[in-house]
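To start, the structure itself, in structure tokens.
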Amino acid sequence: MSSTKPLPGEKAIRKRIELCRVRPGQKVRLAEYNTEWGGADLKKGCTNKQLESLLNQDVSRLAKAQDLLAAFSSWALLVILQAMDAAGKDSTIKHVMSGVNPQGCQVYAFKPPSEEELKHTFLWRCMKALPERGRIGIFNRSHYEDVLVVKVHPELLASQHLPAGKPNKEFWEARYDDINQFERHLERNGTRVVKFFLHVSKNVQRKRFLKRLSDPKKAWKFAPGDLHERACWDEYIDAYEKCLTRTSTEWAPWHIIPADHKRVTRALVAEITAREIHKLDLHYPKVDAKLRTEFKAARQRLQCEKR
Ligand code: AMP
Ligand code: MG
């Protein structure tokens, strides 16, 4: 794939990407991760305008990469987005995927499981929603909900029709193992998994909720249950820390993305996603000698056709 001239601000983003990536085995403490990377800190690294240019560059890089993904047709890309409410998952998807051909991309938003889904294991519905080779699939929430919301509210397990047993430490450890093996299976079989946790502060969530409540065009995004989940903030942080620690692997690493400033979030997600596709070292299929002869004949026939 052709390399693009680095834009101003790209160096700062590159440095930030290194900080975002959770190394396998690393113990995650979210308090050590900045939700901001904005204000003065951002100005030192790159400006809003530079972030916008970087996003635009990555959006077109992604569009080209997706074309190659489709032509190569051995790999799929699965982007997983997890976050607390109002962290910006929806708007990140909208902006990052804005240049991508809709034919080669699919988004699946996971809601509380249906009766049918509950009659299967928690990975079943995710397996069904995976992108086929040559496509980009985005999971807006994912199988991780089963070690996040379900861990914070273990009473939800009662509806999962599981064999008898307590949701003790071993139970959750087994779920992390299942997830790691599931993602390993995906990587081994041609689905590259890239995972983002959008890390928003409690205060910015409060501000975004207030905005939703006072803007009629945003009110539909607010659910009364959102405040109930907000009240469990510390429990969620704990569940996220354990999950990020246990499921960041060589084959499917997590990235902790500062989410208090949407431009920063979008630029980082776009840049990391584009890089992941580049790493796959894709190329357009070669035209072999037999096909070349067939093409030559086809060209001649077309040229001889009467207009
Ligand atoms: P939203 O993303 O705002 O549309 O909300 C979707 C809701 O579905 C969130 O409250 C999630 O926690 C919830 N949800 C998603 N997956 C599950 C699951 N496996 N079990 C229970 N709740 C879930
Ligand atoms: Mg919501």
Side-chain angles (χ1 to χ4, degrees), residues 9 12-13 16-17 19-22 28 30 33-39 41-42 45-56 58-59 62 78-100 105-111 136-142 144-145 148-149 194-215 217-223 225-227 229-230 232-233 236-237 239-240 243-244 254-274 276:
I13 287 269
R16 177 58 51 171
I17 288 175
L19 296 173
C20 286
R21 201 176 164 101
V22 180
V28 173
L30 285 172
Y33 284 84
N34 197 343
T35 55
E36 276 248 336
W37 203 45
D41 182 18
L42 180 58
C46 52
T47 62
N48 279 345
K49 214 162 157 240
Q50 286 170 348
L51 282 172
E52 212 71 66
S53 313
L54 201 62
L55 177 65
N56 290 338
D58 282 324
V59 163
L62 262 181
L78 175 65
V79 177
I80 296 179
L81 288 167
Q82 282 292 156
M84 304 290 266
D85 288 310
K89 291 193 293 346
D90 295 347
S91 76
T92 300
I93 295 170
K94 183 167 133 189
H95 285 83
V96 172
M97 293 297 151
S98 59
V100 157
C105 179
Q106 66 203 53
V107 183
Y108 197 93
F110 288 91
K111 306 291 174 188
I136 299 177
I138 300 169
F139 280 4
N140 182 344
R141 303 187 189 272
S142 63
Y144 284 98
E145 290 294 321
L148 294 164
V149 63
V194 47
K195 306 186 291 201
F196 298 104
F197 168 60
L198 308 191
H199 186 26
V200 74
S201 66
K202 201 172 178 186
N203 192 34
V204 167
Q205 188 197 56
R206 186 182 69 89
K207 287 187 190 158
R208 291 187 186 159
F209 277 167
L210 282 170
K211 210 164 169 190
R212 286 180 181 183
L213 287 166
S214 51
D215 181 346
K217 287 191 191 142
K218 291 188 190 284
W220 63 276
K221 287 190 165 197
F222 186 83
D226 289 350
L227 284 194
E229 298 313 303
R230 179 174 165 82
C232 304
W233 186 272
Y236 271 106
I237 294 294
Y240 266 109
C243 164
L244 295 165
W254 275 106
H255 301 85
I256 300 176
I257 307 289
D260 281 359
H261 298 276
K262 288 195 172 182
R263 280 195 179 85
V264 172
T265 312
R266 291 168 196 162
L268 282 169
V269 169
E271 176 77 14
I272 295 170
T273 306
E276 282 303 323

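Predicted, not measured: the structure shown is a model, and the values here were computed from it.
Counting heavy-atom neighbours within 6.0 Å of K202 NZ, excluding the residue itself, gives a total above 12.
L227 has its side chain within reach of F222: a pair of non-hydrogen atoms, C-beta onward, lies under 4.5 Å apart. By the 4.5 Å heavy-atom criterion applied to side chains, T265 and S91 are not counted as neighbours. Looking at T35 and V200, their side chains never come closer than 4.5 Å, going by heavy atoms from C-beta outward. With contacts defined as side-chain heavy-atom distances shorter than 4.5 Å, the pair Q82/Y240 qualifies.
Counting only residues at least two apart or on different chains, the salt bridge (Lys or Arg N to Asp or Glu O under 4.0 Å) pairs with a member in residues 83-93 are D85-R141. Within the structure, salt bridge (Lys or Arg N to Asp or Glu O under 4.0 Å) pairs that include any residue of residues 254-267 comprise E52-R263 (at least two apart or interchain).
For Y144, the side-chain hydrogen bond (donor to acceptor under 3.5 Å, both in side chains) partners are E183, K195, not counting sequence neighbours. By the side-chain hydrogen bond (donor to acceptor under 3.5 Å, both in side chains) test, R206 pairs with N203, sequence neighbours left out. Partners of E276 by side-chain hydrogen bond (donor to acceptor under 3.5 Å, both in side chains), not counting sequence neighbours, listed by chain and number: R192, K279. Here A86 pairs with Q205, R208, F209, R212 under the side chain to side chain contact (heavy atoms under 4.5 Å, CB included) rule; sequence neighbours left out.
Put simply, NE2 on H255 and NE2 on H199 are 15.5 Å apart, with the number rounded to the nearest 0.5 Å. A distance of 7.5 Å separates NE2 in H95 from CG in L55, rounded to the nearest 0.5 Å. Going from atom CG of L78 over to atom CD of Q106 covers 9.0 Å, rounded to the nearest 0.5 Å. We find the CD1-CG distance between I93 and L81 to be 5.0 Å, quoted to the nearest 0.5 Å. Atoms CZ and CG, from F110 and N140 in turn, are 9.5 Å apart once rounded to the nearest 0.5 Å.
The two atoms that bring A259 and A87 nearest to each other are CB-O, 3.6 Å, heavy atoms only. Closest heavy-atom contact between C105 and I138: SG-CD1, 4.4 Å. For S142 against I80, the heavy-atom pair with the smallest separation is OG-CG2, 3.6 Å. Looking at every heavy atom in both residues, V149 comes nearest to Y236 through CG2-OH, 3.3 Å. Heavy-atom minimum distance, L19 versus Y33: O-CE2, 3.5 Å.
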Exercise for the section: Decide yes or no on side-chain contact (heavy atoms from CB on, under 4.5 Å) for L30 and F197, but give the supporting numbers first. Expected result: CA-CA 11 Å; L30 285 172; F197 168 60; 3.8 Å; yes
Exercise for the section: Could you walk me through whether M97 and I136 pass side-chain contact (heavy atoms from CB on, under 4.5 Å), step by step? Expected result: CA-CA 10 Å; M97 293 297 151; I136 299 177; 4.3 Å; yes
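The one candidate from I256, V96, V269 that meets the side chain to side chain contact (heavy atoms under 4.5 Å, CB included) condition with F196 is V269. Among L54, N56, L62, the one residue that satisfies the side chain to side chain contact (heavy atoms under 4.5 Å, CB included) test with D58 is L54.
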